[in-house]
Protein chains: 2
Amino acid sequence: MTRERLYLFDTTLRDGQQTQGVQFSTAEKRQIALALDALGVDHIEGGWPGANPTDSEFFADAPATRATMTAFGMTKRAGRSAENDDVLAAVLDAATPAVCLVGKTHDFHVTTALGITLEENLESIRASIRHLGVKGREALFDAEHFFDGYKANPGYALDCLRAALEEGARWIVLCDTNGGTLPAEVGRITAEVIAAGIPGDRLGIHCHDDTGNAVANSLAAVEAGARQVQGTLNGLGERCGNANLTTLIPTLLLKEPYASRFETGVTRDALRGLLRTSRMLDDILNRVPLRSAPYVGASAFAHKAGLHASAILKDPATYEHIDPALVGNDRVIPMSNQAGLSNLRARLSAAGIGVEANDPRLATILGEIKTREDQGYAYDGAQASFELLARGALGLNPTFFEVKRYRVTVERRKNKYNRMVSLSEAVVVVKVGEVKTLSVSESMDETGTDRGPVNALARALAKDLGPYQACIDDMKLVDFKVRITNGGTDAVTRVIIDSEDGQGRRWSTVGVSANIVDASFEALLDAIQWKLIRDVKVPLA
Amino acid sequence: MTRERLYLFDTTLRDGQQTQGVQFSTAEKRQIALALDALGVDHIEGGWPGANPTDSEFFADAPATRATMTAFGMTKRAGRSAENDDVLAAVLDAATPAVCLVGKTHDFHVTTALGITLEENLESIRASIRHLGVKGREALFDAEHFFDGYKANPGYALDCLRAALEEGARWIVLCDTNGGTLPAEVGRITAEVIAAGIPGDRLGIHCHDDTGNAVANSLAAVEAGARQVQGTLNGLGERCGNANLTTLIPTLLLKEPYASRFETGVTRDALRGLLRTSRMLDDILNRVPLRSAPYVGASAFAHKAGLHASAILKDPATYEHIDPALVGNDRVIPMSNQAGLSNLRARLSAAGIGVEANDPRLATILGEIKTREDQGYAYDGAQASFELLARGALGLNPTFFEVKRYRVTVERRKNKYNRMVSLSEAVVVVKVGEVKTLSVSESMDETGTDRGPVNALARALAKDLGPYQACIDDMKLVDFKVRITNGGTDAVTRVIIDSEDGQGRRWSTVGVSANIVDASFEALLDAIQWKLIRDVKVPLA
């Protein structure tokens with residue numbers, strides 16, 4: 001069976017930029033455009049030339065892409081010709097092979113927002129699309145508020161689409177501008193549009209997530225016959241965001257009935273880079289990636305329930321709808337008090353610790369985890385501390401060193417320039433074998449900023465571990481998370497520390513205390529211990 | 001037209017707790033249960049009694065609710081009677097009016113995961129549901145992997161449902177356990193199940209968001225005839241989460257065809273508390289609320305596009321699918337335009353500060369807010385600090401006292417019983433008028449626990465403010481939130497402190513620094529300043 005071509009139109013750089021708090025630089029736009037091109041989308045909408053300086057700059061030096069670079073704009077205003085509309089002229093000046101123009105199709109908006117007659121609006125659509133053809137551009141007509149417009153006045157809404165189609169628009173895009181239309185309606189109306197003579201292979205769908213249905217609405221339109229899907233990476237976009245292409249693409253490529261039926265520009269091979277592309281965008285925006293994101297979220301294949309985890313060990317297909325590797329993701333079996341013994345054994349085995357299924361110490365470890373989780377510990381995100389806890393119960397946790405005491409001081413006072421500044425300092429006394437060492441560190445960084453008491457403590461602790469110092473010299477603290485939580489009835493502080501070493505290992509440890517410095521100290525000690533277990537080349541006691 | 005009853009089943013406390021990193025305390029479970037009850041859901045699934053101590057504890061002292069409190073468990077294991085199954089017994093021991101038992105309906109899982117015969121599984125379902133009836137409980141059967149099971153072996157999957165129904169289950173819940181089923185399939189299969197004799201008013205739907213379709217799948221099942229919808233607040237849940245009730249509830253209450261057709265336990269009045277309920281859960285989890293969340297997100301009604309913002313000023317219906325006030329949300333028009341300035345004036349006026357519309361200092365305040373937000377400050381959750389910032393720009397922020405310096409020390413060492421203990425101590429030098437005072441405080445609480453450096457600092461700071469001491473004696477620190485965030489390019493710590501006084505006022509302040517003690521200090525100072533502005537009875541300088 002020949003597969004039908006389904007087209008993907010990305011608007012991360014245009015509608016995605018309407019996200020509250022998002023403003024891409026020109027360089028970032030280039031980087032995202034290249035990543036989208038590598039992924040294999042068909043159109044990249046780069047922005048609205050003339051509407052803001054960054055967009056104009058981007059188009060002035062747009063990267064060469066296989067995808068069709070597209071500029072966004074609006075149909076000409078009433079009372080002037082397409083040739084004499086300066087807003088439209090700025091869009092054409094970007095010299096992109098394709099142009100997408102938004103225009104009204106909802107009679108209420110024509111008369112209320114624009115304040116012109118219905119016929120004047122039709123003429124704006126006709127003249128604008130015709131003008132794009134004259135200029136040799138591929139024309140897309142973005143039918144704003146189409147679904148609301150169709151419900152209010154189907155005849156007029158369809159007339160708007162026909163006006164664009166007759167003037168040669170390659171694509172007519174049904175836009176659910178305020179995001180309020182539900183899947184069943186999108187499916188029904190799209191089918192009616194096709195029945196009214198707009199061919200499905202000229203029809204696109206553009207959805208927003210205001211009811212949490214942007215993905216489902218897009219699929220409903222595809223099922224009804226639309227053959228272009230518009231969306232953004234990670235679902236960026238105005239208000240609740242646009243249809244999430246990071247979700248839609250794997251669904252269309254991997255899930256039936258779409259996988260057998262459609263061909264897209266995205267290959268199975270490129271799909272393996274999906275998670276990386278999604279993370280790149282979060283990096284640019286300096287956002288914490290959404291753990292629960294479909295397909296690419298860090299939790300998307302995390303099996304916390306004990307029942308699930310034990311079945312996964314027998315056969316991953318029992319609780320996974322796709323193989324996570326297909327989108328570049330990984331399976332995670334977290335430790336938690338929801339988990340059963342089999343989950344625990346799998347985790348231990350992943351840490352290189354083999355334990356027989358009937359070993360009674362497994363129950364001891366599980367009991368210890370539950371007790372500690374009641375105190376506020378969380379082992380889901382602190383695999384290394386979990387491993388140390390288990391090693392302790394199994395007698396596999398050697399004592400390399402002991403911290404006899406520490407003291408941390410934060411002082412804030414005026415400096416010699418009469419400005420208030422703070423300085424943190426830590427003193428740590430460590431005993432390695434029979435040798436006691438006192439280390440002192442401040443927390444001032446290279447820019448002269450005081451990084452606080454935990455930083456000072458971490459530095460002092462890692463300053464002189466005697467024979468083990470060489471093992472921790474390549475270690476650094478890369479992330480630090482703090483949460484106020486409940487330990488029993490009182491508020492306590494939970495600190496999770498991520499560490500990294502020169503071999504590219506990354507591990508997480510947890511500490512809990514009513515005192516944030518103590519909680520951090522505990523997590524720091526675990527981080528060093530985990531590293532020493534791996535790298536110390538002496539026989540374990 | 002009489003509206004049909006549609007039932008809402010919340011599983012935030014059970015399936016929601018399967019979210020990676022989520023572990024509710026018993027007190028938090030109570031708080032969430034009461035909020036769900038106030039919202040008006042029909043069932044509250046509180047957890048799996050016997051599976052972990054927190055769940056058992058919660059049920060041992062479950063709050064009185066109008067909603068039917070429900071315990072979760074699994075059908076009895078093969079080879080023993082329902083009466084002699086200790087796992088099932090623990091579930092019944094929770095003494096809830098309703099019990100929901102998960103059981104297999106997918107032949108592959110029966111033989112692979114359980115390793116029993118298909119008939120043995122049917123018998124487990126029958127005996128377990130019958131046992132619930134004997135014990136006088138409302139029985140729900142959670143048909144695990146139903147959609148996959150139905151696709152593989154429809155006859156057997158339906159036999160499992162019938163077994164539960166015939167033994168008196170009030171609800172048969174079709175569960176898309178691995179979240180891989182798409183809306184069109186959910187709709188078709190639900191309709192076929194009803195056609196096969198399982199009445200729609202006995203049928204529930206339980207979806208997961210692995211393809212971003214949990215909401216749409218739930219709606220598809222409702223359209224096909226299912227009358228119970230299961231989900232969680234904020235879409236918490238295993239992997240990508242469960243169907244998001246915070247999204248589904250407003251859609252069912254406000255949008256057609258559902259609004260006219262169905263009646264739910266949630267009233268229009270309770271719906272106005274939806275945003276507050278959603279934020280409460282995020283607060284408990286110390287999560288940043290998702291800005292783009294449908295209905296309740298801070299950006300859900302934010303109109304950034306210039307075209308949209310100007311139309312909104314003419315008529316909000318142009319770009320909003322519902323009135324944001326219906327779910328307790330607000331319209332946001334970015335501060336960068338004229339509407340932003342009037343928003344600012346409204347906020348100042350709410351704090352009792354009147355400013356003329358053309359006052360140039362408004363722009364100064366906006367600029368200052370933007371600069372500080374770039375540094376990591378967040379004023380959404382810190383109204384009192386926002387007010388102080390504005391007062392500063394307007395010359396309305398009197399100096400009551402000055403902190404000349406402070407020093408905080410945390411020391412950890414062995415006590416006389418040879419146990420490692422820590423102690424925090426703070427010294428603060430405050431100048432009020434011409435009088436300097438030195439205050440010292442430790443952080444040990446009445447149970448002998450060291451509450452850490454911030455606690456010590458707060459105590460020392462509030463110890464002797466001379467003439468102002470009486471004004472702050474009734475003030476206490478009631479919440480403390482810490483988040484590592486980005487200030488420019490470097491990680492900084494943001495601390496938000498909630499304070500309360502004897503007059504029932506509650507206010508929030510923010511501090512940001514690379515040093516967590518400094519950040520806390522800044523927020524503490526703001527908290528005291530805000531209180532003094534209100535209560536000091538001397539003429540302001």
Asker: Roughly how far apart are B/L254 CG and A/T211 OG1, rounded to 0.5 Å?
Answerer: 11.5 Å

Asker: Is chain A contacted by the side chain of B/K404, its backbone, both, or neither, given a heavy-atom distance below 4.5 Å?
Answerer: both

Asker: With the side chain counted from C-beta on, respond yes when A/I516 and B/I516 share a heavy-atom pair under 4.5 Å apart, and no when they do not.
Answerer: yes

Asker: Does A/R239 reach the side chain of B/H303, with side-chain heavy atoms less than 4.5 Å apart?
Answerer: yes

Asker: What part of B/I322 gets within 4.5 angstrom of chain A, counting heavy atoms only: side chain, backbone, both, or neither?
Answerer: neither

Asker: By a 4.5 Å heavy-atom criterion (distance strictly below it), what part of B/E256 contacts chain A: side chain, backbone, both, or neither?
Answerer: backbone

Asker: Can you tell which part of B/V429 gets under 4.5 Å to a heavy atom of chain A, answering side chain, backbone, both or neither?
Answerer: neither

Asker: So for A/E320, is it side chain, backbone, both, or neither that comes closer than 4.5 Å to the heavy atoms of chain B?
Answerer: backbone

Asker: Under a 4.5 Å cutoff for heavy-atom pairs, which residue among A/E411, A/E185, A/K255 has the most contacts with chain B?
Answerer: A/E411

Asker: Please determine, among A/A293, A/S292, A/G297, A/A184, the option with the most heavy-atom pairs under 4.5 Å with chain B.
Answerer: A/S292

Asker: Do you know which of B/N213, B/L248, B/V22 has the most heavy-atom pairs with chain A at a distance under 4.5 angstrom?
Answerer: B/N213

Asker: Please flag which part of B/H145 lies under 4.5 Å from any non-hydrogen atom of chain A: side chain, backbone, both or neither.
Answerer: side chain

Asker: Quick one: what part of B/L457 sits under 4.5 Å from any heavy atom of chain A, side chain, backbone, both or neither?
Answerer: neither

Asker: Given that the side chain runs from C-beta out, which part of B/A300 has a heavy atom under 4.5 Å from chain A: side chain, backbone, both or neither?
Answerer: both

Asker: Given the rule in the ring pair (Phe, Tyr, Trp, His ring centres under 6.0 Å) test, do A/Y319 and B/H109 qualify, once you have shown the distances and angles that lead to the verdict?
Answerer: CA-CA 10 Å; A/Y319 287 88; B/H109 280 261; 5.7 Å; yes

Asker: Based on non-hydrogen pairs under 4.5 Å, which of B/L285, B/V454, B/D148 is most in contact with chain A?
Answerer: B/L285

Asker: With a 4.5 angstrom heavy-atom cut-off, could you sort out which part of B/T26 is near chain A: side chain, backbone, both or neither?
Answerer: neither

Asker: When you compare the side chain of A/T251 with that of B/L182, does any pair of heavy atoms fall below 4.5 Å?
Answerer: yes

Asker: Is chain A contacted by the side chain of B/D210, its backbone, both, or neither, given a heavy-atom distance below 4.5 Å?
Answerer: both

Asker: Among A/G241, A/S513, A/G452, A/G235, single out the residue with the greatest number of heavy-atom pairs under 4.5 Å to chain B.
Answerer: A/G452

Asker: Using salt bridge (charged side-chain N to carboxylate O under 4.0 Å, His left out) as the criterion, list what pairs up with B/E238, not counting sequence neighbours.
Answerer: none

Asker: In terms of heavy-atom pairs under 4.5 Å, which option from A/P183, A/G180, A/A220, A/P294 contacts chain B the most?
Answerer: A/P294

Asker: Can you confirm whether B/F521 sits close enough to A/V410 that some side-chain heavy atom of one is under 4.5 Å from a side-chain heavy atom of the other?
Answerer: no

Asker: Hey, which of B/R413, B/M74, B/H106 has the most heavy atom pairs under 4.5 Å with chain A?
Answerer: B/R413

Asker: Considering residues at least two apart in sequence or located in another chain, which fulfil the salt bridge (charged side-chain N to carboxylate O under 4.0 Å, His left out) criterion with B/E57?
Answerer: none

Asker: With rounding to the nearest 0.5 Å, note down the distance linking CD in A/E373 to CD in B/Q23.
Answerer: 5.5 Å

Asker: Under 4.5 Å, counting heavy-atom pairs only, tell me which of A/T19, A/D15, A/T112 racks up the most with chain B.
Answerer: A/T19

Asker: Report yes or no: do B/N515 and A/S424 form a side-chain donor-acceptor pair below 3.5 Å?
Answerer: yes

Asker: Please classify the contact between B/F108 and chain A as side chain, backbone, both or neither, with a heavy-atom cut-off of under 4.5 Å.
Answerer: side chain

Asker: Are A/H321 and B/F147, when compared by the centres of their aromatic rings, separated by less than 6.0 Å?
Answerer: no

Asker: Examine whether an atom of A/Y377 lies under 4.5 Å from a heavy atom of chain B, and if so say whether it belongs to the side chain, the backbone or both; otherwise answer neither.
Answerer: neither

Asker: Checking A/L236 against chain B: side chain, backbone, both or neither under 4.5 Å from a heavy atom?
Answerer: neither

Asker: Examine whether an atom of B/T449 lies under 4.5 Å from a heavy atom of chain A, and if so say whether it belongs to the side chain, the backbone or both; otherwise answer neither.
Answerer: side chain

Asker: Which region of B/D518, side chain (C-beta onward) or backbone (N, CA, C, O), has a non-hydrogen atom less than 4.5 Å from a non-hydrogen atom of chain A, or is it both or neither?
Answerer: side chain

Asker: Count the heavy-atom pairs under 4.5 Å between each of A/A113, A/G179, A/C240 and chain B, then report the option with the highest count.
Answerer: A/C240

